[in-house]
Every structure is written in structure tokens, then in C-alpha cells.
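Presented below is the structure to which this report refers.
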Amino acid sequence: MIQFPIAGSATLDEIRLTCGTTENVEICKLVHLRKLPVVNDRRRNMASFAEVEIEDEVPDLVLVAVPKGGNAASLIADQLAKGRQLIFDETIFVENKDTEVLGFR
């Protein structure tokens with residue numbers, strides 16, 4: 001298992017790009033993303049990756065933010081209908097705000 005911290009100030013797209021770069025460089029895939037406790041007003045997330053074989057085809061990572069008051073179940077159903085699999089449903093820091101994020105492949 002490989003783990004890397006990601007700044008809580010990052011946008012959702014920046015988080016996706018950071019994870020995608022890590023996947024390409026380290027030959028791994030994101031399996032979980034969680035927020036870390038705030039320390040000295042610093043917000044960070046922890047990305048966990050599983051190693052994969054270089055010849056493995058890893059589907060693209062899709063991150064979806066659940067809007068405040070939104071329905072995660074309907075967003076999950078939409079992605080499942082597109083053939084993607086849910087890999088996590090977590091509240092993380094996005095632009096320093098608690099945000100429920102769904103990760104799919």
C-alpha cells in the first residue's frame with residue numbers, strides 16, 4: 001500500500017490529476033481517499049494506492065462531489081449505469097471545505 005497526502009485546499013480536479021499522476025508514476029491505482037485531522041489549521045487528505053502490474057489496464061478515475069443536500073444514491077446509480085464501479089464514498093477536504101466525494105472506476 002502506498003499513501004500520499006494531498007492538500008485540502010486543492011480543487012476536485014486537482015485532486016483527480018494528482019492521483020492520476022501518482023498512478024502513472026508509481027504503477028498503482030487509487031483505492032481510498034480520506035481526510036486527515038486538522039493540525040494547526042492545516043487541512044489535508046490521505047490518498048491510498050494499491051500496486052498494480054504494469055500491463056494491467058486500470059480504468060480512469062472519476063471523482064464526483066455530492067452537492068450539499070444532494071442524493072449520493074442517485075449519483076451512484078448514474079455512474080453504475082455507465083459501467084463504473086464505486087471505490088469509495090468519503091467526506092474529504094476540497095478547497096478546504098468538507099465535501100462528500102464519490103470515487104469510481
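For the numbers below, each heavy atom of this structure counts, side chains included, while hydrogens, waters and symmetry mates do not.
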- Task: Tell me whether L33 is reachable from V66 by hopping between hydrophobic residues (I, L, V, M, F, W, Y) whose side-chain heavy atoms are closer than 4.5 Å.
- Result: no

- Message: Minimum heavy-atom separation for L75 and P67, please, with both atom names.
- Response: CD1-CD, 4.1 Å

- Task: Under the side chain to side chain contact (heavy atoms under 4.5 Å, CB included) rule, what do V31 and F88 come out as? Steps first, then yes or no, please.
- Result: CA-CA 8 Å; V31 293; F88 65 84; over 6 Å; no

- Query: Got a sec: does the CD of E90 have more than 12 other heavy atoms crowding it under 6.0 Å?
  - Reply: yes

- Message: As an exercise, state the distance from CZ of R44 to NZ of K35, rounded to the nearest 0.5 Å.
- Response: 14.5 Å

- With side chains defined as the heavy atoms from C-beta onward, is the minimum distance between V52 and I27 less than 4.5 Å? yes

- Flag the pair L61 / R105 as yes when at least one side-chain heavy-atom distance between them is below 4.5 Å, and no otherwise. yes

- Between Q3 and S48, is any side-chain donor less than 3.5 angstrom from a side-chain acceptor? yes

- Message: Please identify which of these residues, T18, V25, N24, meets the side-chain contact (heavy atoms from CB on, under 4.5 Å) condition with T21.
- Response: V25

- Query: About how many Å separate CG of L80 and NZ of K82, when rounded to the nearest 0.5 Å?
  - Reply: 11.0 Å

- Item | Pair F4-C19, side chain to side chain contact (heavy atoms under 4.5 Å, CB included): steps then yes or no | CA-CA 9 Å; F4 288 107; C19 291; over 6 Å; no

- Message: Quick one: does any side-chain atom of N45 pair with a main-chain N or O of F93 as donor and acceptor, under 3.5 Å?
- Response: yes

- Message: Distance check, rounded to the nearest 0.5 Å: I6 atom CD1 versus I92 atom CD1?
- Response: 7.5 Å

- Would a 4.5 Å heavy-atom cut-off, applied to side chains only, mark T91 and R34 as touching? no

- Item | Whether over 12 other heavy atoms sit under 6.0 Å from E55 CD | yes

- Query: Under 3.5 Å, side chain of E23 to main-chain N/O of L30, donor-acceptor pair present?
  - Reply: yes

- Item | Distance, nearest 0.5 Å, that separates CG of D98 from CZ of R43 | 8.0 Å

- Query: Applying the 4.5 Å side-chain criterion to the ILVMFWY set and letting contacts propagate, would F49 and I87 be lumped into a single cluster?
  - Reply: yes

- Smallest heavy-atom separation, A10 atom then I15 atom, equals CB-CG1, 3.8 Å

- Message: How close do A72 and L102 get, counting heavy atoms only, and between which atoms?
- Response: O-CD1, 4.1 Å

- Can you check whether I76 reaches F104 side chain to side chain, under 4.5 Å on heavy atoms? yes

- In Å and rounded to the nearest 0.5 Å, what is the SG to CD distance from C28 to E53? 12.5 Å

- Can you list every side chain to side chain donor-acceptor pair (under 3.5 Å) pair that touches residues 67-80, not counting sequence neighbours? Q79-R84

- same_hphob_cluster(L86, L63) at 4.5 Å side-chain heavy-atom cutoff: no

- Can you get from L36 to V94 by hopping between Ile, Leu, Val, Met, Phe, Trp and Tyr side chains that sit under 4.5 Å apart? no

